[in-house]
Each structure stands twice: as C-alpha cells, then as structure tokens.
Protein chains: 2
Amino acid sequence: MHRHFRAVDYSECMAGSGRQRTNRRVVHETLRRQVLTLELPPGSALSENELAAALGVSRTPVRESLILLAEEGLVQVFPQVGSFVSRVDPERVADAQFLREAVELAALDDLPADLDADLVAELRDNLAAQQRPGIDVEEFFTLDEEFHRGLLGLSSHGRAWSTVASAKGHLDRARRLGLYEAGSPAVFADQHQEIFQAVLDNDVERARSRMRRHLRAVFEDIEQIRSRSPELFASNSGAAPVRRNVVVWE
Amino acid sequence: MHRHFRAVDYSECMAGSGRQRTNRRVVHETLRRQVLTLELPPGSALSENELAAALGVSRTPVRESLILLAEEGLVQVFPQVGSFVSRVDPERVADAQFLREAVELAALDDLPADLDADLVAELRDNLAAQQRPGIDVEEFFTLDEEFHRGLLGLSSHGRAWSTVASAKGHLDRARRLGLYEAGSPAVFADQHQEIFQAVLDNDVERARSRMRRHLRAVFEDIEQIRSRSPELFASNSGAAPVRRNVVVWE
DNA sequence: ATAACAGTACTGGTATACAAGCATCAGTCG
DNA sequence: CGACTGATGCTTGTATACCAGTACTGTTAT
C-alpha cells in the first residue's frame, strides 16, 4: 500500500458553523431543537425506525444523531429496549446551573478594556428586541441565547460557548415546562439590561453580581416549576422510562 | 398500531460507569486513550476501515466513536477525504484552560462545611502516591486526573466532571507533547498538596489562590512547549491535515 | 381465575453493500 | 518538458440486512 499525499487547505470546510450539509447534521439539529422546545416531551419514545421514516432518511444518520444527543444527556438509549427523551433530571439541571454560572461569571472577569464595537451594537439591538411587549416565548429564548452567547464573545472566550450552550439547553428545557403558564420574560429582559449596563461601565463586580442574581433567578424559576409539576421531572436519576399503553389508528 | 408498555426499572443499566459493554464503548475508550496519550499523534490519519480491521470490528462502532471524538474536538472528519487526529490547537487549549479554571475554582467556593471522609482519605492516598520518587509519567497523569476529579467531587458537583475531563484532555494532550523531555511531576504534586491542605483548613480563598496558580502553571508549561516545538501545534484553526507520502510493504 | 409458557413484534447493536466525491497516477497532447 | 485528462483507489456518507435480546400477546395448563 502506498499513498501519496499533498498538503491541502480545508479551511472552507470548517468556515462558519454550517461546516457541511450532511443528513446527520440536519437530523441532529432537528431532533435537538425538538427536544429542547418540548416538541418532543420528556419521556417520549424515540424509535430509530420511526424517526428515520418520518424524516425520510435511513436509520444511520438518525442513530448517529441519537448517540450525540445521548452524550449530551438529552436522550437515553437502552439497548434492545428503546430510546427516550430524557426526563428533566433535577441533579443534571443543578449541574448545568453550576457549570453555566461558573463559566459566565469567569468570562466577566476576563473582559477586555475596550469591547468589540460591533458585538456591543448587536447586543444593544438584541436587548431592544427583548423589550418588545407581547414578545413570543420562543423568540425570547432565541434572543436570550444570542445575548448570553454575545456576552461570552465579548470576553474572547466565545469558543467556550458550545459547553455553556449544552448546559443552558438543559436549563431552558426545564424552564419551558412552566414558562408558558407563569414566567414573564420582561423581568429577565430587565436583568439582561442591568448586566449589559454594568459591562459597559467596566464595573466587573457589579456585572458579576447582577449576572449571578440573574442566573439564580432562572434557577429559582425552575425550582418553582418543579414544586408545581413534579411529575415532569425524574424522581431519581436511574428511573425507568415509564412506557404507557398507546393506541393509534392507522 | 398498539403498544402496551409497563413501568420497568433500568437503574442497573446506568449503575456505575460501565453502563454496557458494547463494542462502540470499547472502541471509543480505546481511541480516546490513544489520542490523549499521543499513541495516536496529532495529525495521524484515521481510516475507518483500517481501524475497524485493526480492532476486529466493523466500521459501524468505529465510525460512531469517531463522531463522538470529533464532537469532543479530538478528531477532525473531512467527508470524502479522511479523518485525522486533531492538531493541538492553541486556541482550543486556551479555551479548555479557561473553562477548567472557571469550573474548578467555582467548585472550591461550594465546598461543604464538613467534607466526605472517604473521599478525603482517598485523596490523601492519592497525594502520597504522587510523591513517589521516579514516578512514571502516565501514572502521574492518572493520579492527577483522579485528584482533580476527587476535588470536584468534594463540592457535590462531581457530575460536572465529564465537562472538565474533556477540557483537561485537551490540556493534557498538549502537556504530554513536552512532559517526557522536560517537566517534573514533583512540582505539580507539591502544588496539589498545597491545594488540598487549604481545602482541609476550610480556607477557601487560599485554596482558590493555590488552585489558580497551579492551573496557570500547567498552562505556562504548555506555552513553553509550544514555543519550543511549534510544529506540533496547529498554526491556524482551519489548517489542513498535511498528508505525507507513506510507503508500506504488504 | 391464575400462573406459566411459547409466540411474536419490536428494540438497538452490528455487519455489510452501495453511492458520491476527492486525490493521486498514468497517459497523452501541445 | 509542462499541462491537461481520464482512470483508479481511496475516503466518508448512507442505506440495508441480520442478530441478540426484550416485552408484550395469546394460549394453555393448573
């Protein structure tokens, strides 16, 4: 076996976030979004065959997506039994909260003297959009995501976002369980404004304080939801995926 | 279609860290270890077919393992071109450093009043083992891993370890590039001892300070390695996997 | 009625076959 | 001698077939 190779630049392949429009990536993003938005509610059975048929692809990309989601903790796979959307595990939510808080606060410590002007402008627009009255819940979540991501970007540690995003995913999924009936995005939008102002003022300590309060408020929100609807959460980490009798007309 | 389901407890499946002895898990752990220990050096070509043949399995588990490793950033997959062990990317190393420092320092803030006695004893033994003269480099890395993991466990945020472990993996891989010729584990072992003592004394501030110094020292170590052997690092994030002419007798 | 047993339809894990695309090689033409 | 071009062997992505194992069904024996 002889192989002759030459140096090649694949920069373009990695450019942007799209990388490559492969079936697996599409399925992965689709399923992840559906899990996080509760379109696929916790505990749902995810049959590889059914998903493949529904999405018009073969089992392979579906299966590979499920493996990734399982690694992220959004899905549980039981060999020879089935795959299920993870119940919202309070322990995991707490871990996500801890991790997110640690990273986002540390990022505030590392803010440069002069901030990226474009990013600042973008964040300003974002905050304005958050203040829109009667804003849709899903739209708020999108803006929230972009805000926190942008804030992390200001500290030149933007590449750490994927880790935070994973943690935030678990938190948001828990929040969505109750946000539709209770929470008011306006409060959180105001907290975002406070944090941003502190950052603009170069007041790291205040920014940290406000950020911590904000993130803790989010966590409190989740705890309230849990006490109100405990059945949506996993009672214990190793709990069974409770399968129920389902009848469907064909 | 009608499906009758019953509640079942799969706790045992999740018990421990083993979960299930599946081929994919074995391959994943094997490859990950080989990448982190530089047994598979940065830039190596990883052919799914060759790996499958070498490991005595089919492409499927190999491929799924590569996907997971790619998600962790240890491997790069270029469709229709090839898969390669990631070059050590300074940016990614810096991100890993930032993330790890944020989490491990935050954990020290959350230490409970009275520590888990068993874990403390385990950590004491671990530190003693680290002090052994003429300790093997790989053995030191194992002990180092267990030490930091145990320290995180003391704060009841042990479940966040997997995230830290991933970051630590990138850092350790960079360190291994130069540790064999230069670094002395004894220095780091002493730093571990200092941190641990501060924790035992319930002196959070000192523990944080020592931990920060320790982690920064590790990072400095890597920077030194980089300046000494820049060719081992990726010059830019989108760099090409440089393929070289290889001739092999069959 | 109830408990035990075979049957069956489903699961995910694995192996394999095929398809699409890239990089090199060999030949050819200018 | 250099540039172009089809052939070739590799790569990963996808689809499919088969396997071992599980959990339900319906029947049978008690």
Side-chain angles (χ1 to χ4, degrees), chain A residues 1-10 12-14 19-28 44-53 55-71 75-85 240-248 250, chain B residues 1-10 12-13 19-28 44-53 55-70 75-85 240-248 250:
Chain A
M1 161 176 34
H2 58 288
R3 301 196 293 183
H4 299 246
F5 290 140
R6 191 170 54 187
V8 180
D9 193 349
Y10 294 101
E12 356 181 328
C13 304
M14 306 297 296
R19 298 187 189 180
Q20 184 100 358
R21 270 333 257 189
T22 178
N23 271 355
R24 170 163 61 84
R25 215 166 283 277
V26 173
V27 172
H28 178 53
S44 314
L46 299 176
S47 163
E48 295 183 356
N49 280 315
E50 286 184 19
L51 287 175
L55 298 171
V57 297
S58 82
R59 268 186 62 197
T60 307
V62 171
R63 172 180 172 74
E64 292 171 349
S65 298
L66 287 184
I67 290 174
L68 287 175
L69 292 174
E71 190 71 11
V75 163
Q76 283 179 293
V77 177
F78 300 94
Q80 274 70 39
V81 176
S83 303
F84 307 85
V85 178
V242 179
R243 304 180 175 190
R244 291 190 179 78
N245 190 341
V246 177
V247 181
V248 179
E250 309 190 21
Chain B
M1 160 179 31
H2 58 286
R3 301 196 294 184
H4 300 245
F5 289 140
R6 193 172 50 188
V8 181
D9 192 349
Y10 295 100
E12 354 181 330
C13 304
R19 296 185 192 180
Q20 186 100 359
R21 270 334 255 189
T22 178
N23 271 355
R24 169 163 62 85
R25 215 165 282 279
V26 173
V27 172
H28 178 53
S44 316
L46 298 176
S47 164
E48 296 182 356
N49 280 317
E50 287 183 18
L51 287 175
L55 297 172
V57 297
S58 83
R59 266 186 64 198
T60 307
V62 171
R63 172 179 172 74
E64 293 171 349
S65 299
L66 288 184
I67 290 174
L68 287 176
L69 293 174
V75 162
Q76 283 178 294
V77 177
F78 300 94
Q80 276 69 37
V81 176
S83 304
F84 307 86
V85 177
V242 179
R243 305 181 175 192
R244 290 191 180 76
N245 190 339
V246 177
V247 180
V248 179
E250 312 191 17

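Reminder, nothing fancy here: chain letters follow the sequence lines and each chain counts from 1. None of the values given here were measured: they were computed from a predicted structure.
For B:Arg63, the side-chain hydrogen bond (donor to acceptor under 3.5 Å, both in side chains) criterion is met by A:Glu64, B:Glu48, not counting sequence neighbours.
Separating the CZ atom of A:Phe78 from the P atom of C:dG13 is a distance of 11 Å, rounded to the nearest angstrom. Distance CG (B:Leu51) to P (D:dC10): 16 Å, rounded to an integer number of Å. Rounded to an integer number of Å, the gap from CD of B:Glu64 to P of D:dT12 is 15 Å. Atom P of nucleotide C:dG12 and atom CD of B:Gln20 are separated by 13 Å, given to the nearest angstrom. As a whole-Å value, the separation of B:Glu50 CD from D:dT11 C1' is 11 Å. As a whole-Å value, the separation of A:Gln76 CD from C:dG12 C1' is 15 Å. The distance from atom CD1 of A:Ile67 to atom C1' of C:dT14 is 11 Å, rounded to the nearest whole Å. For the pair A:Glu48 CD and D:dA15 P, the interatomic distance rounds to 14 Å; values are reported in whole Å.
Side-chain atoms of A:Gln80 and base atoms of D:dT22 include no donor and acceptor less than 3.5 Å apart.
Nucleic acid contact for B:Leu46: sugar-phosphate only, since backbone atoms but no base atoms lie under 4.0 Å from a heavy atom of the residue.
Heavy-atom minimum distance, B:Pro61 versus B:Val27: O-CG1, 4.3 Å.
From B:Arg24, atom CZ reaches atom OG1 of B:Thr60 across 11.0 Å, with rounding to the nearest 0.5 Å. In this structure, B:Ser65 OG and B:Leu46 CG are separated by 11.0 Å, a value rounded to the nearest 0.5 Å. A distance of 10.5 Å separates NE2 of A:His28 from CD1 of B:Ile67, quoted to the nearest 0.5 Å. A distance of 8.5 Å separates CG of B:Leu51 from OG of B:Ser83, quoted to the nearest 0.5 Å.
In this structure, the nucleotide among D:dT11, C:dG13, D:dG13 sitting nearest to the side chain of A:Arg63 is C:dG13. Ranking D:dA23, D:dT14, C:dT14 by closeness to the A:Val81 side chain, first place goes to D:dA23.
In the helix from C:dA1-D:dT30 to C:dG30-D:dC1, the rotation axis of the first five pairs and that of the last five pairs differ in direction by 20°, rounded to 10 degrees.
Side chain of A:Thr22 to backbone of A:Arg25: no donor-acceptor contact under 3.5 angstrom is found.
Contact check, B:Ser47 against D:dC10: no side-chain N or O comes under 4.0 Å of OP1 or OP2. For C:dC10, neither phosphate oxygen OP1 nor OP2 lies less than 4.0 angstrom from any side-chain nitrogen or oxygen of A:Asn49. The side chain of B:Thr22 places an N or O atom within less than 4.0 Å of a non-bridging phosphate oxygen (OP1 or OP2) of C:dT14.
With a 4.5 Å cut-off on side-chain heavy atoms, B:Val75 and B:Val77 count as touching. Two residues are said to be in side-chain contact when any heavy atoms from C-beta on lie closer than 4.5 Å; B:Phe78 and B:Gln76 meet this criterion.
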Contact list (N/O, under 3.5 angstrom) for nucleotides 15-17 of chain C vs protein:
| unit_1 | atom_1 | unit_2 | atom_2 | d |
| --- | --- | --- | --- | --- |
| C:dA15 | OP2 | B:Ser58 | N | 2.7 |
| C:dA15 | OP2 | B:Ser58 | OG | 2.8 |
| C:dA15 | N7 | B:Thr60 | OG1 | 2.7 |

